[in-house]
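Let me begin by presenting the structure, written as structure tokens, before commenting on it.
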Amino acid sequence: MNKFSQFLLITSVSSCSAGLLHAQKETNTSLPNVIYIMVDDLGLGDLGCYGQRQIKTPAIDRLAENGVRFTQHYSGSTVSAPSRCSLMTGKHTGNAYIRGNISRTYQETETYDLPLNADETTVADIFKKKAYQTACIGKWGMGGPESEGHPNKHGFDYFFGYLGQLNAHRYYPAFLWENDRRITLKEEIYTPYLLLEKTLSFIEKNKEQPFFIYLTPTLPHADLLIPDEEKKPFSGRFAEKPFTHGHYASQPEPRA
């Protein structure tokens, strides 16, 4: 079992809306901790709890068995930025500020995304009104460094991960961001493990008070470069057609 599966197995997840409704009825001494895990490009048919039988997803299946399994719970859009905007603001894409994947250049060398308007209220802003400690760990995609869309300006006390979507296409990126600080990684670190470490650290630091974590790893979005030990159990099990793409890294065994 990999580290991410272990984390899913030992945590409990509540939907943001349910958590907020419950929080409004409770005092700060009994507020529930809320961890919203959003995986990137995972399909309904990829999980055992929805009938998938090709691979094993025991940790996620256990969450479903002990929680609530949704059958009419849809993303806000077909692409990333407007989907995330809908999730964070609760707005339909007809009313949401971000309605497409729109790029912005930062310091002439890096590409980020259209920043979320400063006047928008996010679910993290609402949690802050109930004295929650809040974190966004993983992929943001709604504003780069120094922009009005930065997560620290939209209710999140702590951010670690990918501010921009293009950088999030790399599991071994050149850099990540921690709040407003650029962290150099030199394409040497498999970031899903690093995101997990930061998440567990935030939980440990804030375990004595209510917290909300928007955990948004890039798995299983391309590109599909993962550690050999993660792929080994599935290597050779499927009929494969090598994946090649002008933007993403090549992968000879994409299904594995």
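All residue numbers refer to positions in the sequence shown, counting from 1. Just so you know, these numbers use all the heavy atoms, side chains as well, and skip hydrogens, waters and symmetry mates.
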Are [X] and [Y] linked by a side-chain donor-acceptor pair shorter than 3.5 Å?
X: E146; Y: Y112; answer: no
X: Y162; Y: T191; answer: yes
X: R84; Y: T216; answer: yes
X: Y158; Y: E178; answer: yes
X: Q52; Y: D46; answer: no
X: E120; Y: N117; answer: no

Trace of the salt bridge (charged side-chain N to carboxylate O under 4.0 Å, His left out) decision for E65 with R62: CA-CA 5 Å; E65 182 180 352; R62 182 172 174 179; over 6 Å; no

Non-hydrogen side-chain atoms of [X] and [Y] separated by less than 4.5 Å:
X: V123; Y: F127; value: yes
X: N101; Y: S80; value: yes
X: S83; Y: S77; value: yes
X: P173; Y: E187; value: no
X: M38; Y: L87; value: yes
X: M142; Y: C85; value: yes

With distance as the sole test, does [X] use its side chain to make a donor-acceptor pair with the main-chain N or O of [Y] at under 3.5 Å?
X: D125; Y: T122; answer: yes
X: H150; Y: N179; answer: yes
X: R53; Y: G48; answer: yes
X: R99; Y: G94; answer: yes
X: S103; Y: T111; answer: no
X: D113; Y: Q165; answer: yes
X: S201; Y: E197; answer: no
X: T184; Y: F175; answer: no
X: K128; Y: Y132; answer: yes
X: N206; Y: F211; answer: no

Heavy-atom closest contact ([X] atom, [Y] atom, distance):
X: P210; Y: L31; value: CB-CB, 3.9 Å
X: G141; Y: A81; value: O-CB, 3.8 Å
X: P115; Y: G149; value: CB-N, 3.6 Å
X: G144; Y: S147; value: O-OG, 2.8 Å
X: L163; Y: P151; value: CD2-CD, 3.6 Å
X: S250; Y: L225; value: O-CD2, 3.7 Å

What's the spacing between [X] [atom1] and [Y] [atom2] if we round to 0.5 Å?
X: I60; Y: L42; atom1: CD1; atom2: CG; result: 6.0 Å
X: I137; Y: T199; atom1: CD1; atom2: OG1; result: 3.5 Å
X: S235; Y: E230; atom1: OG; atom2: CD; result: 13.5 Å
X: N167; Y: W177; atom1: CG; atom2: CH2; result: 10.5 Å
X: L185; Y: Y172; atom1: CG; atom2: OH; result: 12.0 Å
X: D41; Y: T218; atom1: CG; atom2: OG1; result: 10.0 Å

Quick check: are there more than 12 heavy atoms from other residues, nucleotides or ligands sitting under 6.0 Å from NZ of K129?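 For K129, atom NZ is not crowded (no more than 12 foreign heavy atoms under 6.0 Å).
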
Might you confirm whether atom CG of D228 has over 12 heavy atoms from other residues, nucleotides or ligands at distances under 6.0 Å? no

Would you kindly check if the NZ (Lys) or CZ (Arg) of R255 is within the cone defined by 45 degrees around the ring axis of F234 and under 6.0 Å from the six-membered ring centre?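 No, R255 does not sit over the ring of F234.
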
Please evaluate residues I226 and Y171 with respect to the criterion side-chain contact (heavy atoms from CB on, under 4.5 Å), reporting the C-alpha separation (whole Å), side-chain torsions for both, the decisive distance (0.1 Å), and the verdict. CA-CA 7 Å; I226 63 174; Y171 291 169; 3.9 Å; yes

Does [X] pair with [Y] as a salt bridge, N-O distance under 4.0 Å?
X: K56; Y: D61; answer: no
X: K139; Y: D40; answer: yes
X: E253; Y: R237; answer: no
X: K232; Y: E229; answer: no

Using the rule that two of Ile, Leu, Val, Met, Phe, Trp, Tyr join whenever any of their side-chain heavy atoms come within less than 4.5 Å, decide whether [X] and [Y] are in one cluster.
X: L166; Y: W140; value: no
X: I183; Y: I189; value: yes
X: Y193; Y: L224; value: no
X: I55; Y: Y50; value: no

Residue pair F202, I213: steps toward the side-chain contact (heavy atoms from CB on, under 4.5 Å) verdict: CA-CA 9 Å; F202 183 85; I213 301 174; 3.7 Å; yes

What about F156 and F159, are their ring centers closer than 6.0 Å? no

Stepwise side-chain contact (heavy atoms from CB on, under 4.5 Å) check, R182 with E110: CA-CA 12 Å; R182 195 175 190 272; E110 297 174 7; 2.8 Å; yes

For F212 and Q133, run side-chain contact (heavy atoms from CB on, under 4.5 Å): C-alpha distance rounded to whole Å, both residues' side-chain angles, the deciding distance at 0.1 Å, then the answer. CA-CA 6 Å; F212 164 59; Q133 290 298 302; over 6 Å; no

Atom pairs and distances, side-chain donor-acceptor, residues 241-248, under 3.5 Å, sequence neighbours left out:
from, atom 1, to, atom 2, distance (Å)
H245, ND1, H247, N, 2.9
H247, NE2, H169, ND1, 2.7

